[in-house]
Amino acid sequence: MIKLLNVSKQYTLEDEVFFALKKVSLEIGEGEFIGIVGPSGCGKSTLMHLIGLLDRPTEGQVKILGRDVFTLQDEERSKMRNQVIGFVFQQFNLLNKLTVLENVLLPTIYTRSKTDVNHQDKARALLQRFGIEKQINSYPNKISGGQQQRVAIARALINNPKIILADEPTGNLDSQSGKVILDLLGTLNKNDKITVIIVTHDKEVAGKTKRQIRLKDGEIV
Ligand SMILES: Nc1ncnc2c1ncn2[C@@H]1O[C@H](COP(=O)(O)OP(=O)(O)OP(=O)(O)O)[C@@H](O)[C@H]1O
Ligand SMILES: [Mg+2]
């Protein structure tokens, strides 16, 4: 489902070349539940950005669903990002000017009208499933962090992604809310057969995943 071959990401800062990722090769199968772990600065978010098509590698090949994604036209790649991948971030990244429902519908505006009834129904069903139907017309800054993260997960799911990428999804939450989010991601993997990749510092969180990829100084160890 996801295949990286000799992927490197280098940054040049004041003439010094620095490798955030060094010749990383890995394969992630459909339905896997993966933890990406390692110390701060080892390249975890960089790896997520490449898999999520948010950034391009300096060298190497990234294949998603059999397609060599960085040879695609920008438009085709954006479409793939929007339709195949759902993102969950540490800081939730919800828009405070939009309601909970509008935030969940946001990824659908690129594909269809925001008022599309099917998307609305789907968004409501997701919010209900995650126990936040009462907050549907609230604004993100008026609900708890745990609730905000559940809204973010609903937003990640609205286009039926095959892959969820979560970068420190429990990092800003208390342990109880973190557990709810982790269980939810586990359920999406188990019941909904979504491939879930979680970046985490937390050993307990990593322990819930089925396979861990450990990075150190931009390399898999
Ligand atoms: N845009 C950039 N320009 C220059 N260097 C960068 C850039 N983005 C990341 N880096 C560097 O690349 C390395 C890997 O960064 P990355 O954000 O992937 O680490 P991380 O493992 O996610 O760390 P953390 O656990 O703190 O989030 C770091 O040394 C970082 O400073
Ligand atoms: Mg990071």
Side-chain angles (χ1 to χ4, degrees), residues 2-28 32-64 69-70 74 77-78 81 84-95 145-146 148-153 155-156 161 163-175 177-179 181-182 184-186 188-189 194-221:
I2 301 169
K3 214 168 173 178
L4 272 66
L5 193 66
N6 287 323
V7 168
S8 297
K9 177 75 187 176
Q10 82 184 46
Y11 292 110
T12 309
L13 293 172
E14 291 163 10
D15 291 343
E16 279 215 32
V17 176
F18 168 80
F19 281 87
L21 286 178
K22 273 177 244 169
K23 296 216 173 270
V24 167
S25 295
L26 64 86
E27 203 169 334
I28 295 173
E32 280 208 74
F33 189 25
I34 303 264
I36 296 180
V37 299
S40 182
C42 69
K44 304 183 295 296
S45 294
T46 304
L47 180 61
M48 287 295 249
H49 291 157
L50 297 180
I51 295 174
L53 316 183
L54 295 169
D55 201 358
R56 52 166 64 241
T58 327
E59 58 174 330
Q61 197 181 47
V62 177
K63 278 193 174 179
I64 293 180
V69 287
F70 290 100
D74 287 355
R77 190 167 50 253
S78 301
R81 184 194 308 124
V84 178
I85 300 163
F87 296 93
V88 179
F89 303 94
Q90 179 171 354
Q91 322 280 359
F92 321 132
N93 291 13
L94 300 173
L95 299 181
Q148 288 185 58
Q149 197 60 303
R150 279 179 274 156
V151 173
I153 294 173
R155 179 183 59 184
I163 303 164
I164 286 199
L165 302 178
D167 196 341
E168 298 277 3
T170 62
N172 273 14
L173 301 176
D174 61 89
S175 62
S177 307
K179 195 181 169 305
I181 294 300
L182 189 61
L184 211 160
L185 292 169
L188 292 174
N189 172 256
I194 297 174
T195 304
V196 177
I197 307 177
I198 304 181
V199 165
T200 185
H201 275 108
D202 188 329
K203 284 206 172 69
E204 220 171 301
V205 174
K208 293 271 165 89
T209 60
K210 289 184 203 136
R211 172 158 78 103
Q212 284 106 49
I213 294 169
R214 185 168 298 278
L215 289 174
K216 189 168 178 259
D217 298 330
E219 292 180 281
I220 292 183
V221 292

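Quick caveat, the model's predicted, so the values are computed rather than measured. Residue indices begin at 1 and follow the sequence shown. Whatever order the structure lists ligands and atoms in, that order sets their numbers, starting from 1.
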Practice task
Assess His201 for proximity to ligand 1: is some non-hydrogen atom of it under 4.0 Å away?
Solution key: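 In this structure, His201 qualifies as a contact of ligand 1 - some heavy atom is under 4.0 Å.
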
Handout entry: N-O pairing of Glu32 and Lys210 below 4.0 Å
Key =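 Result for this pair is no, no salt bridge flagged.
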
Practice task
Run the numbers on Glu59 and Asn6 for side-chain hydrogen bond (donor to acceptor under 3.5 Å, both in side chains), then give the verdict.
Solution key: CA-CA 7 Å; Glu59 58 174 330; Asn6 287 323; over 6 Å; no

Heavy atom of the protein closest to [atom] (residue, atom name, distance):
atom	answer
atom 17 (O) of ligand 1	Ser45 CB, 3.7 Å
atom 14 (C) of ligand 1	Gly41 O, 3.3 Å
atom 11 (C) of ligand 1	Phe18 CE2, 3.7 Å
atom 25 (O) of ligand 1	Lys44 NZ, 2.8 Å
atom 1 (N) of ligand 1	Tyr11 CE2, 3.5 Å
atom 24 (P) of ligand 1	Ser40 OG, 3.6 Å
atom 16 (P) of ligand 1	Thr46 OG1, 3.6 Å

Problem - For the student: nearest non-hydrogen atoms of Thr170 and Gly178, plus distance - result: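 Heavy-atom minimum between the residues: CG2-O, 3.5 Å.
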
Practice task
Identify the two heavy atoms, one from Asn93 and one from Arg155, that lie closest to each other, and give their separation to 0.1 Å.
Solution key: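 The pair with the smallest heavy-atom distance is O-NH1, 2.8 Å.
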
Problem - Polar atom proximity, Cys42 to ligand 1 (N or O, under 3.5 Å) - result: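 Yes; at least one N/O pair falls below 3.5 Å.
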
Problem - Ala20 N/O under 3.5 Å from ligand 1 N/O - result: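 In fact, backbone or side chain, Ala20 has no N or O that close.
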
Distance-only, no hydrogens or angles: does the [X] side chain make a donor-acceptor pair with backbone N or O of [Y] under 3.5 Å?
X	Y	answer
Ser177	Leu173	no
Arg214	Val37	no
Asp167	Ile198	no
Asp55	His49	no

Exercise for the section: Determine if the distance from atom 30 (C) of ligand 1 to the closest protein heavy atom is below 4.0 Å. Expected result: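 Answer no: nothing from the protein, no heavy atom, is under 4.0 Å.
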
Practice task
May I ask you to check whether Ser45 brings an N, O or S atom to under 2.8 Å from the Mg ion (ligand 2)?
Solution key: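 Under 2.8 Å: Ser45 contacts the Mg ion (ligand 2) through an N, O or S atom.
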
